[in-house]
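Worksheet: one structure, shown below.
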Protein chains: 2
Amino acid sequence: MGGQADSIQTPRGASVSAVDDIVAAIRAMIAERGLAVGDSLPTERELCERFGTSRNTVREAMRILKARGMVEVRPKIGATLIDNRMESAFQMFSLNVMDVSRETYDDVQGFRLLLEVSSFEQIFDRLTDADVEALREINEGFRISVPVNDAAERDFRLHTRLIFILGNKAVLDVYGIMKPVILKIMLRNKTRRVFEGENYEDHARIIDALDARDRVAYQYRMREHLVNGYNRWNKAVDRGEA
Amino acid sequence: MGGQADSIQTPRGASVSAVDDIVAAIRAMIAERGLAVGDSLPTERELCERFGTSRNTVREAMRILKARGMVEVRPKIGATLIDNRMESAFQMFSLNVMDVSRETYDDVQGFRLLLEVSSFEQIFDRLTDADVEALREINEGFRISVPVNDAAERDFRLHTRLIFILGNKAVLDVYGIMKPVILKIMLRNKTRRVFEGENYEDHARIIDALDARDRVAYQYRMREHLVNGYNRWNKAVDRGEA
DNA sequence: GACGGATACTGGTTGGACAAATAGCCTTTC
DNA sequence: GAAAGGCTATTTGTCCAACCAGTATCCGTC
């Protein structure tokens, strides 16, 4: 990558872009002042004055920091340092449904088995009655949802709520970027009229296993639930219905 | 104030920011037109007209795409699609300005426990002698590596090779995205002179457990290995050495 | 046809303006 | 005196209208 002419761009004082300078300057300021997560940055206008640039330039620099998950900006509040870099990194690789291959589907489903079945120890360690209650509520909403889009959305929400129990934001973020693919899998199953009632029953029994703290039953039922949808998908794909 | 009237045709009740809308619109346009790496985007002024926003808004959206490693912008040339996402993700963490927050650290390490310990069933299902051989080889290289950077790199390669056994590209990709953070964790542990020899021994015993197909021992040793680094990190952070 | 300069177009930056949101202060009311 | 609600000042969000610097492209000259 960009190995064109290293010597040209390097002079530290004469820079390529004013915006990049501001980004570097802000980073230097963070380092110099020892700012950490939760601390505030000066206002945009202050930064303009400090660095002698226009506000638009500062704003573009701010957009970069925001895109990198380093700051959070709110009107009247200003910019505060955060560490959402991991989430931002994941979002860069958000899957686009358009170009998802069969292999990707397999991988996503395998990933789900890892996150939703193999993680049972962590799930049961952190599980509370409130979690069970929330899951039941979502599942009830799932049963009465009519449009397939809505049903798939609620289906996904239920599984997301399950992942939420893990209390791991990175895992939750990753699950989020897989959403389009997962939704597509769910949608396909539902448009093929494959027993939404059965799906509701699946969910109910999984939640029952959680409620009873029955780890063996949970693993078995969740695995069955995922693999069933998976097999239905595979059959459909093999018939060229993708 | 001519722009105010235009905003009617683009009601963004759902979204929060006009800039985010433009980002989404551009991404939609890329998908719709089937644009790929190397293709060009319309000029900023064209995008302004198309989306009915000001040029600053388009430019801020462009900054986001640039920060995500999706486009490269050159004067007179315009924006061309690229795929520098991985490098952009790395940039977020490689800069020493902001240390990885405690939360991110916890999440990543918890994620690793999921991928490397809880996945033991899948790992052992697919494990071959060639895998064991490859792991041993990497570990030997790890023992004799002197610079800490090199050691961390090899350490990561060993764990990546382990994840590789899962045969799931999505998981491998996610692990790759977390690389900068994991590397930082490893580097920290190593710069604190915490017994690289001990790390080698850890690895060796984990590989032995794999070789013997001893699932219980594998889980125990791998968990210990990860949690030990974890505790060392925590102590360092608690002492304010971050 | 080759070369060189003029031109138009592009991103980069600036300064200024108004809208929208809201934290913090102030007033009112009980 | 305290709580509720309104006001103001400040800050980000968006827009506009320029101008600059660089260069791809066209055009005229040789």
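Just so it is clear, the structure is predicted and the values come from calculations on it, not from any experiment. Chain letters run A, B, ... following the sequence lines, proteins first and then strands; every chain starts at 1.
- In this structure, CZ of A/R55 is placed 6 Å from C1' of D/dT12, rounded to the nearest angstrom.
- Across all their heavy atoms, B/E44 and B/R55 have their closest contact at OE1-NE, 2.9 Å.
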| field | Derivation of the side chain to side chain donor-acceptor pair (under 3.5 Å) call for A/S94 and B/R27 | value | CA-CA 12 Å; A/S94 61; B/R27 289 188 55 160; 3.2 Å; yes

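- Near DNA chain D, defined here as any heavy-atom distance below 4.0 Å, the residues from residues 35-49 of chain A are A/T43, A/E44, A/R45, listed numerically.
- Remark: A/R154 fails to qualify as a cation-pi partner of A/F142 under the 6.0 Å distance and 45° angle criteria applied to the six-membered ring.
- In this structure, the side chain of A/R126 engages the main chain of A/I165 through a donor-acceptor pair within 3.5 Å.
- In this structure, A/S119 contributes its side chain and A/L115 its backbone to a donor-acceptor pair below 3.5 Å.
- Look at CZ on B/R59: it is 11 Å from C1' on C/dT14, rounded to the nearest Å.
- Distances from the side chain of B/T57 to the nucleotides C/dT14, D/dC15, D/dT12 place D/dC15 closest.
- Residue A/D20 contributes atom CG, which lies 17 Å from atom P of C/dG11 at whole-angstrom precision.
- Panel note: side chain A/D131, backbone A/T128; a donor-acceptor pair is recorded below 3.5 Å.
- Every pair passing ring pair (Phe, Tyr, Trp, His ring centres under 6.0 Å) that includes a residue from residues 147-170 of chain A is listed here, sequence neighbours excluded: A/F156-A/Y175, A/H159-A/H203, A/H159-A/H225.
- C/dT14 atom C1' lies 11 Å from atom CD of A/E60, rounded to whole Å.
- Near DNA chain D, meaning a heavy atom under 4.0 Å away, the residues from residues 63-80 of chain B are B/K76, B/I77.
- The distance from atom CG of B/N56 to atom P of C/dG15 is 13 Å, rounded to the nearest whole Å.
- Taking all atoms of both residues into account, the shortest heavy-atom contact from B/V73 to B/A79 is CG2-CB, 3.9 Å.
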